[in-house]
There are 2 protein chains.
Amino acid sequence: MNIGEIARRSGVSRSTVSYALSGKRTVSEATRRRIQEVIDELDYRPNAAARALKEGRTRTLGLVIPPAGGRLTYMQLEFVASVLEAAARVDLDVLLSPSGGDHDRSFERIVSGRRVDGVIVMEIRLEDPRVTRLQKAGMPFVTIGHTAQPHETCWVDVDYATLISRCVYHLADLGHHHIALINRSAELLAAGYGPGHRAREGFTAAVEQRAVTGVEFCCADDAPAGEACMEQILDAHPEITAVATINEAALPGVQRALERAGLDVPGRFSIAGVAAKHWAEEFRPQLTAADVPALEMGSLAVDLLIERIAEPNAAPKHRLLAPPISLRSSTAPAFAAP
Amino acid sequence: MNIGEIARRSGVSRSTVSYALSGKRTVSEATRRRIQEVIDELDYRPNAAARALKEGRTRTLGLVIPPAGGRLTYMQLEFVASVLEAAARVDLDVLLSPSGGDHDRSFERIVSGRRVDGVIVMEIRLEDPRVTRLQKAGMPFVTIGHTAQPHETCWVDVDYATLISRCVYHLADLGHHHIALINRSAELLAAGYGPGHRAREGFTAAVEQRAVTGVEFCCADDAPAGEACMEQILDAHPEITAVATINEAALPGVQRALERAGLDVPGRFSIAGVAAKHWAEEFRPQLTAADVPALEMGSLAVDLLIERIAEPNAAPKHRLLAPPISLRSSTAPAFAAP
DNA sequence: TTGTAGGCGTTATCAT
DNA sequence: ATGATAACGCCTACAA
């Protein structure tokens, strides 16, 4: 089914059908209705490829997610969902590319095959070959997280430094003098993963400012690692009474280790962090945390990208989000031995 | 950058470039190399829209996932990841459409806009308007789960009836005489959600065959609902000593309710179910469960779809998977009061 | 071994 | 208010 067939059946020319559809020139009400009837009957819809070829745009966005191997965290998942939703709202389709590195075929297809009008890239590293590639290809893009050259590109990010600082302040205010940071994995940090580095910075700065002692632990993104990490903390640093964390996937394990050690939260041990709201509320007791606004970030990223596609040469825009900390039930004054 | 430019710079005609790329006719080694050099230099890649228009296929698959509102379970997430991976292996892109109902714009764009060569649809209902729509549009598709007319379509599914039966047999063999089924939500069941219905069938049949008593509970897909449901079971049916479940998302809540009730698993209470392996292993103690082979299902679905695209009129193929139950640590002989 | 030319389905310019 | 027509970039039958 194509526009020619619709034209034939409605007894008009193809251009009239096209204009009736786009509204870019006036079409008499009578013919418009006749055309619409035929269209409805055959449920015709313009061929996307032909339109893309002619218009030079695909009405499709690319979303580059971490490679399929690693599991998505709830935060990432929520973000993907919100991008899909925001794109659907403005009638854009989304092509997913699970690629981390540089020479990924699916990534290459998307950028140099002009399959999409713009790209959103998740889980950006401080030095990220994908960003370089997109810049070179002249493909509009927005990143989630930013590189070491933040002023050059469009991005949306969470201000992990500030948020972790706030967690530390909050814990210090409650009388905790020895605080641990449970960061993301050492590999991720070594690879230049921004949130990990910025959490570290915020932690170090806050700890110093409040004159409490702070120890950082790296931890892989899953429950068993969280359990092991928490055990190690309790074992090696019995003086520690509170943790701050950006590693939401480790939380169930952290929780388990504390339970096993017989440490009541928050009576004997406090936890504060940065997490998806859903995750924070599943924690028992519910987690005092900065609720990462993943939903908002997704639609923000889509908005920025659409803007950038429209004006590829405008100055890059960024948004650094620092959501407030939601006080829930996982923090309390430091336990004072009777 | 287009094929004409490559041709110009290599001093050959466009067709020669095209043939050099596709290999569909012999090109002298010398010109082939010259062309390749130019291509590498400009990193040219054929425009996907032009190619799709000419060839009548997009080299893209559609993946219809549950609408963005509801959260994906780990099983679903794993499935999505495996579809992406399987598609990437054969150089196909994947367009995601989050749509449940019938008149979804993104779904319509995909099917009647010829944006994809075929579609994989998740979370099929027994009567599913999307299936009808795809059939009417003549779009090749594979469903995850099947409708009430299973012979008419291609699908991959998990044999929930058999798996839940096996769970019940296992529990009965251990001496449990009163067993509960924690099913998915009542709304889902009412909407004709196949897995829920088949779990029910398998449960009823197995309970009858082993002459034990069985009670079914519906439960929403999240931890709080699981907690409430488990509490209700313990409260209303103190004789029950074991549950079988297909509701993996409820498991953390179930676990919590049992802990709070002071019921050791598996000493005092046994649990067996159907879950993503990851989920089963996160449960404490690790869950005796049929590990849903989500990864395998994804690549199976992609294979079936590719086959169907190639032979749209062949007899529909199906695969009903019944993975074995992995014995872990959540089931034990029924507790005998001393 | 290589070149020429037509058409895939749209949109948009020009003409009526 | 509407029609004819040229292009978008690619592939491929046909010609040389």
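A, B, ... follow the sequence lines: proteins, then strands. Residue 1 opens every chain. Computed over heavy atoms, backbone and side chain alike; hydrogens, waters and symmetry mates excluded.
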Contact list please: residues 8-16 of chain B against DNA chain D, heavy atoms, distance less than 4.0 Å, in numerical order. B:Arg14, B:Ser15
Side chains of A:Ser13 and A:Thr16 only: does a donor on one sit below 3.5 Å from an acceptor on the other? yes
Under 4.0 Å between a Lys/Arg side-chain N and an Asp/Glu carboxylate O for B:Asp303 and B:Arg319? no
Between B:Glu37 and B:Arg34, is the closest basic N to carboxylate O distance under 4.0 Å? no
Rounded interatomic separation in angstrom, taking CZ from A:Arg57 and C1' from C:dT11: 12 Å
To the nearest Å, give me how far apart CZ (A:Arg59) and P (C:dT10) are. 13 Å
Under 4.0 Å between any heavy atoms, over every strand shown, what does B:Ser18 touch: base, sugar-phosphate, or nothing? Just pick one. base
Heavy atoms within less than 4.0 Å of DNA chain C: which residues of residues 29-56 of chain A have one? Give them sorted by number. A:Tyr44, A:Pro46, A:Asn47, A:Ala50, A:Arg51, A:Lys54, A:Glu55
For chain A and DNA chain D, what are the first and last nucleotides along the strand, 5' to 3', with at least one atom under 4.0 angstrom from a heavy atom of the protein chain? D:dA1 to D:dG9
Grab the CD1-C1' distance between A:Ile3 and C:dA12 for me, whole Å please. 12 Å
Listed by chain and number, what are the salt bridge (Lys or Arg N to Asp or Glu O under 4.0 Å) partners of A:Asp91, not counting sequence neighbours? B:Arg105, B:Arg109
Can you pull out how bent the helix from C:dT1-D:dA16 to C:dT16-D:dA1 is, comparing the axes over its first five and last five pairs, to 10°? 40°
Should the pair B:Asp43-A:Arg133 be classified as a salt bridge under the 4.0 Å nitrogen-to-oxygen rule? yes
Holding to salt bridge (Lys or Arg N to Asp or Glu O under 4.0 Å), I want the full list of residues that pass it with A:Glu187, two or more places apart in sequence or in another chain. none
For A:Ser82, the option from A:Val302, A:Leu295, A:Leu77 that meets side chain to side chain contact (heavy atoms under 4.5 Å, CB included): A:Leu295
